[in-house]
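For reference, the structure discussed in these notes is given below.
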Amino acid sequence: MRPPRRRLLATLTAGLTALALLAGCGIASDDSARDIPENALPEALQNETTTTTVSDDPERTSVEKLFLVQTSSDGSTEVLAEVFVEIETPEGPSGLPAALVRALADARPTELGFPSLTNSVPPGLEVVRADLGTDGVLELDVSELDSVEGAGQRLAVAQIVFTLTELDGVNAVRFFEDGQPVAVPIENGTAPAGTAVRRSDDPSLLAALRDSTTR
């Protein structure tokens, strides 16, 4: 038996209404992404955050060249020998020069794997200031340099000068102690206070180094 006409129309109308509602619930197509309000997210996601950890350590490391002392087998001559070490280099214009001098003072040849080498730079040496001028002269204020004397101090000065002049832009070193320029020993005497000391002030060490690098 057919359902009454009125019930059929009501059923058809309800079906069309449902289809219209379903069509209205479809996902709209946008030309660009839209932000989703935080309160529209499920509660479990509203408290989720993403973090990126950035190191606040201002120091970095680099491999640098230091100069230690090598004595001939008969003990008659002493020359400079290159060694490479990894050091921490603080940021800033004076960071690397100061770090190199500190590394020299701390260098223990045997611990570095060079038992035949020695170090004339006194272990108690401290860097007070290391400033590079526009003329390529690095002003170095250090303490305890006078704790070694004679040939040992001359070698310590040479080690510092040769190490620092490996850096780009450094041509010479002017030594200070307690803020005052000081005289330092060089191969043929003494460099007066305030004098910029260069590699050429130790010609025999410079010649021996050049010979070793050209072999």
Side-chain angles (χ1 to χ4, degrees), residues 62 64-72 75-85 87 89-107 109 117-214:
S62 61
E64 303 293 340
K65 184 189 294 185
L66 303 181
F67 285 87
L68 299 179
V69 178
Q70 185 172 35
T71 304
S72 62
S76 61
T77 58
E78 292 169 311
V79 296
L80 298 184
E82 304 171 349
V83 299
F84 291 89
V85 297
I87 65 173
T89 53
E91 294 180 352
S94 65
L96 185 53
L100 282 173
V101 177
R102 293 190 187 99
L104 266 176
D106 293 339
L117 304 183
T118 59
N119 186 6
S120 293
V121 178
L125 182 141
E126 295 182 359
V127 179
V128 178
R129 180 173 65 90
D131 294 328
L132 179 61
T134 56
D135 56 355
V137 177
L138 190 143
E139 294 191 346
L140 181 69
D141 194 335
V142 294
S143 66
E144 302 298 325
L145 185 59
D146 58 357
S147 64
V148 289
E149 299 177 348
Q153 190 181 70
R154 176 231 165 182
L155 286 170
V157 168
Q159 285 180 251
I160 293 171
V161 171
F162 277 67
T163 294
L164 290 176
T165 52
E166 276 292 311
L167 298 177
D168 290 338
V170 180
N171 301 319
V173 180
R174 183 177 291 117
F175 288 85
F176 292 76
E177 185 172 0
D178 295 328
Q180 300 299 317
V182 293
V184 293
I186 54 178
E187 184 170 323
N188 296 314
T190 301
T195 301
V197 180
R198 306 174 186 277
R199 289 189 175 193
S200 56
D201 289 313
D202 282 285
S204 63
L205 294 178
L206 181 59
L209 182 64
R210 287 172 173 168
D211 288 344
S212 67
T213 56
T214 56

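No experiment lies behind these values; they were computed from the predicted model shown.
- Distance CZ/R154 to OG1/T190: 11.5 Å, rounded to 0.5 Å.
- Under the rule for a side-chain hydrogen bond (donor to acceptor under 3.5 Å, both in side chains), S147 has no partner lying at least two apart in sequence or in another chain.
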(message) Is there a side-chain contact (heavy atoms from CB on, under 4.5 Å) between L155 and E78? Walk through the geometry before answering.
(response) CA-CA 9 Å; L155 286 170; E78 292 169 311; 3.3 Å; yes

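- Within the 4.5 Å cutoff, side-chain heavy atoms of P185 are placed close to those of V157.
- To the nearest 0.5 Å, the span separating CG on D178 from CG on D141 amounts to 6.5 Å.
- Applying the side-chain contact (heavy atoms from CB on, under 4.5 Å) criterion to A81, with sequence neighbours excluded, gives Q70, L117.
- Minimum heavy-atom separation, A208 to V79: CB-CG1, 3.6 Å.
- Looking at residues two or more places apart in sequence or on another chain, you find a side-chain contact (heavy atoms from CB on, under 4.5 Å) between N119 and L68, A107, P109, V121, Q159.
- Legend: residues meeting side-chain hydrogen bond (donor to acceptor under 3.5 Å, both in side chains) with S143, ordered by chain and number and at least two apart, are absent.
- Scanning all heavy atoms of the two residues, the minimum distance from G194 to R174 falls at O-NE, 2.7 Å.
- Between the side chain of E64 and the main chain of I87, no donor-acceptor pair closer than 3.5 Å is present.
- The heavy-atom pair separating I160 from L104 by the smallest distance is CA-CD1, 3.9 Å.
- For F67, the ring pair (Phe, Tyr, Trp, His ring centres under 6.0 Å) partners are F162, not counting sequence neighbours.
- For residues 142-152, no residue pair satisfies the salt bridge (Lys or Arg N to Asp or Glu O under 4.0 Å) rule, not counting sequence neighbours.
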Just list the side-chain donor-acceptor pairs under 3.5 Å for residues 122-130, sequence neighbours left out, or say none.
from, atom 1, to, atom 2, distance (Å)
R129, NH1, D131, OD2, 3.1
R129, NH1, E139, OE1, 3.1
R129, NH2, E139, OE1, 3.4

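- In terms of the side-chain hydrogen bond (donor to acceptor under 3.5 Å, both in side chains) criterion, R198 has no residue partners (sequence neighbours excluded).
- Note that CG of L80 is 7.0 Å distant from CG of L209, once rounded to the nearest 0.5 Å.
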Name each donor-acceptor pair under 3.5 Å that joins a side chain in residues 166-173 to protein atoms two or more places apart or in another chain, with its distance.
from, atom 1, to, atom 2, distance (Å)
E166, OE1, K65, NZ, 3.4
E166, OE2, R199, NH2, 2.8

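- Take T134 and apply the side-chain contact (heavy atoms from CB on, under 4.5 Å) test, not counting sequence neighbours, and it matches no residue.
- Side-chain contact between V101 and L164 is present, with heavy atoms from C-beta onward closer than 4.5 Å.
- For T118, the side-chain contact (heavy atoms from CB on, under 4.5 Å) partners two or more places apart in sequence, or in a different chain, are V69.
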